Each structure stands twice: as structure tokens, then as C-alpha cells.
Amino acid sequence: MMNNRNKQVQILLQKLLNLFSASDFNSVIHQCKKYIKIYPEYVILYNLLGSSYMNTGNYNLAKETFTKAKQLDPTNISVWNNLANAEKNIFNFNEAEQLFKKIIEKAPEYLNAYVNYGNLKRDLNKFNDSNDLYKLALEIDKKHPIVLYSLAMNYQALGDFKLSIEFAHKVLKINPSYTKADLLISKSHKYKIKDPHLI
């Protein structure tokens, strides 16, 4: 009976993830609310609901949802990370920072915490702090495009355009279709005729 229940949840989760990937967040919200009543023990439904609230700008509802998920499963680091981002988005910077620190303490290999904590520091114009956090993330995964792009953005904010371009090129080596890296280069680079990047 439990196996059948798990199978049903897996099928509906795939449908919800497809809707989420298609950015149909309102449908995800509507369906998650319905399914949580039927399957209240599945924390992933709360995580999807909260993430959809985040993507529609309903940060207070996202915080409320992630808080509930954290109560249901205090060991779920992904939920902690999402809750910290929700706190950041409602300008509860101290709460967000404390959560990121706890995540890193509990799961030092969890790359997203370093990136998101770095983003928080960058938003607060603490670029040297964010740089340190992005570099820690880079130690976990040297070829992660989001980490490399975050460093490129940070170096641009610090006025080090040479390093900014260098890291943006590293992103494009891994993922040539990462157009945000191209845009970053074009903002930092003085073009000459027959410049390889311009071509």
C-alpha cells in the first residue's frame, strides 16, 4: 500500500517538476496546495510550493512554507537554503546570514549555501566577503558555471575587469550558451576590429 502511495507521489511530482521547469508557477502553487492535503508528509511538495512562491515574488508566503517544511524535516538542507533565500528577499539579512552559517556548519560540502551566502554579501556591497565565499564554493566544484559566473560578476563590481573577463571565459568554456557571461564580457571589454569575442 505504501509502495503504491510512493509511486503515485513520484508520478505527480514529475508533473509538478515539468510545470516548474516551464515556469508555470501558478499551476504548481495551485496543485501543491491540493496535494499537500492528501500527502502532508512529503516535504518536497512544500519545497516546490515555496520555490514557486519565490518565483512569483510572494516571499512572505515562501518563508511561511519553507518554515513549515523545516519543521517537518529539520535535516533537509535544501529547505534551509530556500528559507535563507526567502529571509534575504524580505530583507531579514541577519536571519538569512545565520541560516547560511548553520547550513555550512551542518553540510560543509553543500555548494549552494556558499553561492547564496556570497550573493547576500554581494547585495550588501561586501564584495571581498562574497569573493571569499565564491572561492570556497569553487573548491567544492571548480567547473560549476554559476560559481564561475558569480566570481566574474564580483570581480567586475570590484573593478578588476581582467579577472572578470577571465572567469566569464571559463564559464563559456564549460557552457558556450551561457549568454549572461557573454553579456558580462561585452560590458567589460574594449573591442577592436576582428576581436575573437566580437566575431
Side-chain angles (χ1 to χ4, degrees), residues 1-92 95-96 99-100 102-103 106-107 109-120 122-123 134 137 140-141 143-150 153 171-172 174-184:
M1 182 69 181
M2 191 60 191
N3 284 338
N4 189 42
R5 186 176 174 85
N6 281 340
K7 192 182 280 187
Q8 287 171 344
V9 172
Q10 289 307 313
I11 292 165
L12 74 88
L13 278 175
Q14 192 52 62
K15 288 177 184 174
L16 289 168
L17 287 167
N18 291 342
L19 288 169
F20 191 89
S21 296
S23 301
D24 189 355
F25 303 118
N26 287 323
S27 292
V28 178
I29 289 166
H30 174 73
Q31 291 193 37
C32 277
K33 284 163 84 172
K34 180 175 77 174
Y35 289 126
I36 280 169
K37 290 175 183 173
I38 305 167
Y39 308 104
E41 72 275 25
Y42 285 88
V43 174
I44 191 168
L45 290 170
Y46 294 89
N47 219 6
L48 270 171
L49 177 59
S51 297
S52 297
Y53 280 138
M54 288 275 278
N55 278 286
T56 55
N58 292 312
Y59 303 126
N60 284 305
L61 282 172
K63 176 187 171 179
E64 190 180 302
T65 307
F66 293 133
T67 300
K68 175 68 176 171
K70 185 169 166 279
Q71 288 166 352
L72 285 169
D73 183 3
T75 65
N76 192 315
I77 294 299
S78 173
V79 169
W80 282 63
N81 184 60
N82 287 335
L83 177 58
N85 282 327
E87 294 284 16
K88 184 189 89 162
N89 284 324
I90 55 175
F91 310 112
N92 291 339
E95 288 84 346
L99 280 165
F100 285 131
K102 284 177 185 173
I103 295 165
K106 286 172 179 287
E109 295 298 309
Y110 187 70
L111 183 141
N112 289 347
Y114 296 94
V115 174
N116 290 322
Y117 190 11
N119 293 344
L120 170 64
R122 192 182 66 208
D123 290 351
Y134 295 142
I140 298 166
D141 185 349
K143 293 187 176 181
H144 198 291
I146 292 172
V147 177
L148 293 166
Y149 177 71
S150 298
M153 287 269 292
V171 174
L172 292 168
I174 296 160
N175 183 357
S177 61
Y178 205 110
T179 53
K180 289 192 285 187
D182 279 308
L183 183 62
L184 191 76

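As the structure is a prediction and not an experimental result, all values here were calculated from the model. Any value given below was found using the heavy atoms of this structure, including those in side chains, with hydrogens, waters and symmetry copies removed.
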query: CG/Asn89 to CE/Met54 distance, rounded to the nearest 0.5 angstrom?
result: 4.5 Å
message: Within this structure, what is the CG-CZ distance for the pair Leu49 and Phe66, rounded to the nearest 0.5 Å?
response: 8.0 Å
Using a 4.5 Å cut-off on heavy atoms from C-beta on, say whether the side chain of [Y] contacts that of [X].
X      : Y      : result
Glu64  : Asn60  : no
Trp80  : Leu83  : no
Ser51  : Phe25  : no
Thr56  : Ser52  : no
Tyr46  : Cys32  : no
Thr179 : Leu183 : no
Phe100 : Asn85  : yes

For the residue pair [X] and [Y], what are the closest heavy atoms and their distance?
X      : Y      : value
Thr65  : Gly50  : CG2-N, 3.7 Å
Ile146 : Tyr178 : CG1-OH, 3.9 Å
Leu111 : Ala137 : CD1-O, 3.5 Å
Lys143 : Ile174 : O-CD1, 3.3 Å

message: Using side chain to side chain donor-acceptor pair (under 3.5 Å), reason through Tyr42 and Asn47 one step at a time and then give a plain yes or no.
response: CA-CA 9 Å; Tyr42 285 88; Asn47 219 6; over 6 Å; no
Quick one: list whatever passes side-chain hydrogen bond (donor to acceptor under 3.5 Å, both in side chains) with [X], sequence neighbours left out.
X      : result
Asn116 : Asn81
Asn175 : Ser177
Asn55  : none
Ser23  : none

field: Expected output: side-chain Asn58 to main-chain Leu61 donor-acceptor under 3.5 Å
entry: no
- prompt: Are the side chain of Tyr114 and the backbone of Glu109 linked by a donor-acceptor contact shorter than 3.5 Å?
  reply: no
- prompt: Hey, are Asn6 and Tyr39 close enough side-chain-wise for a donor-acceptor pair under 3.5 Å?
  reply: no
task: Check the pair Val43, Val79 against side-chain contact (heavy atoms from CB on, under 4.5 Å), reporting the backbone distance first and the verdict last.
output: CA-CA 9 Å; Val43 174; Val79 169; 3.9 Å; yes
message: With a 4.0 Å cut-off on N to O distance, would you call Glu95 and Lys63 a salt bridge?
response: no
task: Taking salt bridge (Lys or Arg N to Asp or Glu O under 4.0 Å) as the test, write out the residues that go with Asp123, two or more places apart.
output: Lys88
Please tabulate, for side-chain N and O atoms in residues 9-20, each donor-acceptor pair with protein atoms closer than 3.5 Å (sequence neighbours left out).
from	atom 1	to	atom 2	distance (Å)
Gln14	NE2	Asn18	OD1	3.1
Asn18	ND2	Gln14	O	3.3

